[in-house]
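All residue numbers refer to positions in the sequence shown, counting from 1. None of the values given here were measured: they were computed from a predicted structure.
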Amino acid sequence: LAYGVRLIRADRVRAVSTGRGVAVAVIDTGADIDHPDLTGRIVDTATFVEGGEASFRSDRHGTAVAGIIGARVSETGVDGVAPEARLTVLKACWYADSGAVKARCSSWTLAKAVDYAINHQIKVINMSLGGPPDDLLARLLATAEQNGVAVVAATRENADSPGFPASLATAIPAVACDLNGRVAQQPGSTLPFAVAAPGVDVAAQAPQA
């Protein structure tokens, strides 16, 4: 199931590029910063969700995303694409209750997280989320691009449009593909371009508790 790194051939370039020193912000839920595969990879955290500190380390989605991006190469075989990147986990999303499958985000918490990333000289922002357009967030993401920050955003699945912020010209939209490289769902709208990334039945890290 850990096919992602091999599919995009990231394992073949590790002799020359591992993401060393590249600052990547994961704007998502919190993440298990004590997970063995993430030890030393997460260099900074912040939460913009009221009361979000209590559940930060047990949040599922952010843990998985952080692992997919930057988990260390280990015997588990669930390696990150850039195992020496410097991850910053910014909690802007939360679960309505412990049994919820999907997390919720607000434009205000997302805006504060993007502002934090810009001011801390992040080079890549990952936003594996989507929702309705927001003017403030759009302006902040445009500012991020002007400051040399690459913004990667997931497209919405089973929707008539790619969603926001994937629809922005300042973002790199990503659609999920399976282990054969087949795109699972079309983004639902004509985009200038989109990248396909492993996102179907992907093995990833989970909180330890």
Side-chain angles (χ1 to χ4, degrees), residues 23-35 38 41-70 85-157 159 161-174 176 197 199 204-207 209:
V24 180
V26 178
I27 297 180
D28 209 287
T29 66
D32 183 3
I33 62 176
D34 296 320
H35 194 288
L38 293 171
R41 301 276 60 83
I42 298 175
V43 299
D44 188 20
T45 63
T47 182
F48 304 99
V49 176
E50 184 176 357
E53 296 85 355
S55 60
F56 193 99
R57 299 188 183 196
S58 62
D59 284 345
R60 301 181 299 276
H61 196 265
T63 301
V65 172
I68 290 169
I69 295 171
R86 300 174 66 252
L87 302 181
T88 293
V89 177
L90 303 177
K91 180 170 180 171
C93 308
W94 66 95
Y95 294 100
D97 56 67
S98 59
V101 175
K102 292 187 177 183
R104 298 178 178 178
C105 317
S106 77
S107 58
W108 180 236
T109 55
L110 291 171
K112 288 191 288 185
V114 172
D115 181 68
Y116 185 98
I118 295 170
N119 288 316
H120 284 76
Q121 300 181 325
I122 295 296
K123 292 301 181 184
V124 181
I125 291 175
N126 184 86
M127 303 178 77
S128 294
L129 51 89
D134 182 83
D135 289 341
L136 173 60
L137 193 52
R139 291 198 298 270
L140 281 168
L141 290 172
T143 300
E145 185 194 42
Q146 292 165 8
N147 282 272
V149 183
V151 178
V152 182
T155 58
R156 297 176 67 186
E157 297 181 359
S161 67
F164 177 89
S167 59
L168 293 175
T170 53
I172 300 171
Q205 284 70 18

* Between A92 and T109, which heavy-atom pair has the shortest distance, and what is it? -> O-OG1, 2.8 Å

* How long is the gap from CD1 on I172 to CD on E145, to the nearest 0.5 Å? -> 9.0 Å

* Over all heavy atoms of both residues, which pair between I27 and L129 is shortest? Give the atoms and the distance, please. => O-CD2, 3.7 Å

* **pair L87-I69: side-chain heavy atoms closer than 4.5 Å** => yes

* Asked: Does the side chain of D28 come within less than 4.5 Å of S128's, by heavy atoms?
  -> yes

* To do: Check step by step if side-chain contact (heavy atoms from CB on, under 4.5 Å) holds for I122 and Y116.
  => CA-CA 9 Å; I122 295 296; Y116 185 98; over 6 Å; no

* More than 12 heavy atoms of other groups within 6.0 Å of D135 CG -> no

* Asked: When rounded to the nearest 0.5 angstrom, what distance separates CZ in R60 from CG in D32?
  -> 13.0 Å

* To do: State, yes or no, whether a side-chain contact exists between D115 and F48 at a heavy-atom distance under 4.5 Å.
  => no

* Asked: How long is the span from the OG1 atom in T29 to the CZ atom in F56, to the nearest 0.5 Å?
  -> 8.0 Å

* Under 4.5 Å between any side-chain heavy atoms of V43 and T88, yes or no? -> yes

* Compare every heavy atom of T63 with every heavy atom of A31, then report the nearest pair and how far apart it is. => CA-OG1, 3.3 Å

* To do: Provide the closest heavy-atom pair for T45 versus I42 in the form atom of the first, atom of the second, distance.
  => CG2-CG2, 3.7 Å

* Kindly say whether G99 contributes a backbone atom to a donor-acceptor pair with the side chain of D97 at under 3.5 angstrom? => yes

* Given the rule in the side-chain contact (heavy atoms from CB on, under 4.5 Å) test, do V89 and I33 qualify, once you have shown the distances and angles that lead to the verdict? -> CA-CA 9 Å; V89 177; I33 62 176; 5.5 Å; no

* Indicate yes or no: at least one non-hydrogen side-chain atom of S106 is less than 4.5 angstrom from one of W94. => yes

* Asked: Quick one: CG on L137 to CE on M127, what's the gap to the nearest 0.5 Å?
  -> 5.0 Å

* Asked: Are side-chain heavy atoms of P207 and H35 found at a separation under 4.5 Å?
  -> no

* Identify the heavy atoms of D59 and G30 that sit nearest to each other, and give their distance. => OD2-N, 2.8 Å

* More than 12 heavy atoms of other residues, nucleotides or ligands under 6.0 Å from CZ of R86: is that the case? -> no

* **Side-chain heavy atoms of L141 within contact of V114, under 4.5 Å** => yes

* Structure fact -> In short, A117 meets I125 closest at the heavy-atom pair CB-CD1, 3.8 Å

* To do: State, with a plain yes or no, whether a side-chain heavy atom of D134 is found less than 4.5 Å away from one of L110.
  => no

* Starting from the C-alpha separation in whole Å, work towards a yes-or-no answer on side-chain contact (heavy atoms from CB on, under 4.5 Å) for H61 and C93. => CA-CA 10 Å; H61 196 265; C93 308; over 6 Å; no

